[in-house]
Amino acid sequence: MRPIALALTLLVLTAGCETSTDPFLFGIGGSGGTITQAQATGDWSFTVTRINSVGCTGGSLADGSVLTAHLDVGADGTVNSSTSSWQSPSAVVFPLSGTVTLGDGHTDLHLSGGGGSGTGMELIGTTSATSTFAGTLSDPDPGLFPMFGTGVCQYTTTGAKA
């Protein structure tokens with residue numbers, strides 16, 4: 001009797017996942033839901049709070065620092081790097097590239113230090129149709145040098161579209 005109950009339970013769980021629009025089992029992993037190109041495009045403000053204190057040293061972004069960005073998102077979710085940019089807390093404007101998956105809001109942005117500097121950060125998270133963002137900023141972007149500080153710094157990041 002026990003093997004039959006187990007088999008039926010697995011069948012029900014598999015069927016539930018098969019018809020779900022959520023790509024993660026039981027909804028774990030989250031999704032911002034479907035967003036449009038227009039909802040992702042525009043001016044954004046991202047507020048950071050440092051996660052780690054070990055290895056993240058001198059010159060790192062202060063908690064509450066705000067990074068602003070202008071995103072031009074194409075119909076396929078690709079961020080147009082020639083018309084998109086981000087601005088540091090000191091008001092210097094830098095290039096930005098990446099993608100916003102319009103099907104689920106997954107966002108992966110690369111905030112460059114520009115000018116062949118070899119510096120940059122990566123912002124990964126979820127953009128929602130309600131003009132909010134939640135994710136993590138990593139300085140540096142893997143394979144690059146830090147923009148701020150001298151170690152590897154990670155920040156929880158919340159954002160809002162202006």
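These numbers come from the heavy atoms of this one structure, side chains and all, not from hydrogens, waters or symmetry mates. Start at 1 with the first residue, then count along the sequence.
Counting only heavy atoms from C-beta outward, the side chains of L102 and I35 approach each other to under 4.5 Å. When side chains are defined from C-beta on, M121 does not count as touching P140, because their heavy atoms never get closer than 4.5 Å.
For P89, the side-chain contact (heavy atoms from CB on, under 4.5 Å) partners two or more places apart in sequence, or in a different chain, are L61, S65, L67, F148. Scanning for side-chain hydrogen bond (donor to acceptor under 3.5 Å, both in side chains) contacts around T132 gives S128, with sequence neighbours left out. Under the side-chain hydrogen bond (donor to acceptor under 3.5 Å, both in side chains) criterion, T36 pairs with Q39, not counting sequence neighbours. In this structure S97 satisfies the side-chain contact (heavy atoms from CB on, under 4.5 Å) test together with S81, H110, sequence neighbours excluded. With sequence neighbours excluded, the residues that form a side-chain contact (heavy atoms from CB on, under 4.5 Å) with V66 are S45, T47, T68. Remark: S90 engages S88, V92 in a side-chain contact (heavy atoms from CB on, under 4.5 Å) (not counting sequence neighbours). Partners of T41 under the side-chain hydrogen bond (donor to acceptor under 3.5 Å, both in side chains) rule, at least two apart in sequence or in another chain, do not exist in this structure.
For residues 113-124, the side chain to side chain donor-acceptor pair (under 3.5 Å) pairs, not counting sequence neighbours, are S117-T119. Evaluation of the side chain to side chain donor-acceptor pair (under 3.5 Å) test over residues 142-162, restricted to residues two or more places apart or in two chains, returns T57-T150, S138-Q154. Among residue pairs with one or both ends in residues 58-130, none qualify as disulfide bond (SG atoms under 2.5 Å apart); sequence neighbours excluded. The list of ring-ring contact (aromatic ring centres under 6.0 Å, His included) pairs with a residue in residues 66-104, not counting sequence neighbours, reads W86-F94. Pairs engaging residues 33-147 under the disulfide bond (SG atoms under 2.5 Å apart) rule: C56-C153 [sequence neighbours left out].
The closest donor-acceptor contact from the side chain of Q87 to the backbone of V93 lies at 3.5 Å or more, if one exists at all. Between the T107 side chain and the G105 main chain, a donor and an acceptor come within less than 3.5 Å of each other. D139 places a side-chain N or O within donor-acceptor distance of the main-chain N or O of M147, the cut-off being under 3.5 Å. Listed for the S112 side chain is a donor-acceptor partner under 3.5 Å among the backbone atoms of G114.
How far CZ of F46 is from CG of L109: 6.0 Å, rounded to the nearest 0.5 Å. Taking CG of D72 as the reference point, atom OG1 of T83 lies at 3.5 Å (rounded to 0.5 Å). Separation of atoms CG (L123) and CG (D108) is listed at 8.5 Å; rounding is to 0.5 Å. Rounded to the nearest 0.5 angstrom, L71 CG and D43 CG are separated by 8.5 Å.
Closest of all the heavy-atom pairs between L96 and A69 is CD1-CB, 4.0 Å. Of all the heavy atoms in T78 and D76, the pair that sits closest is N-OD1, 3.0 Å.
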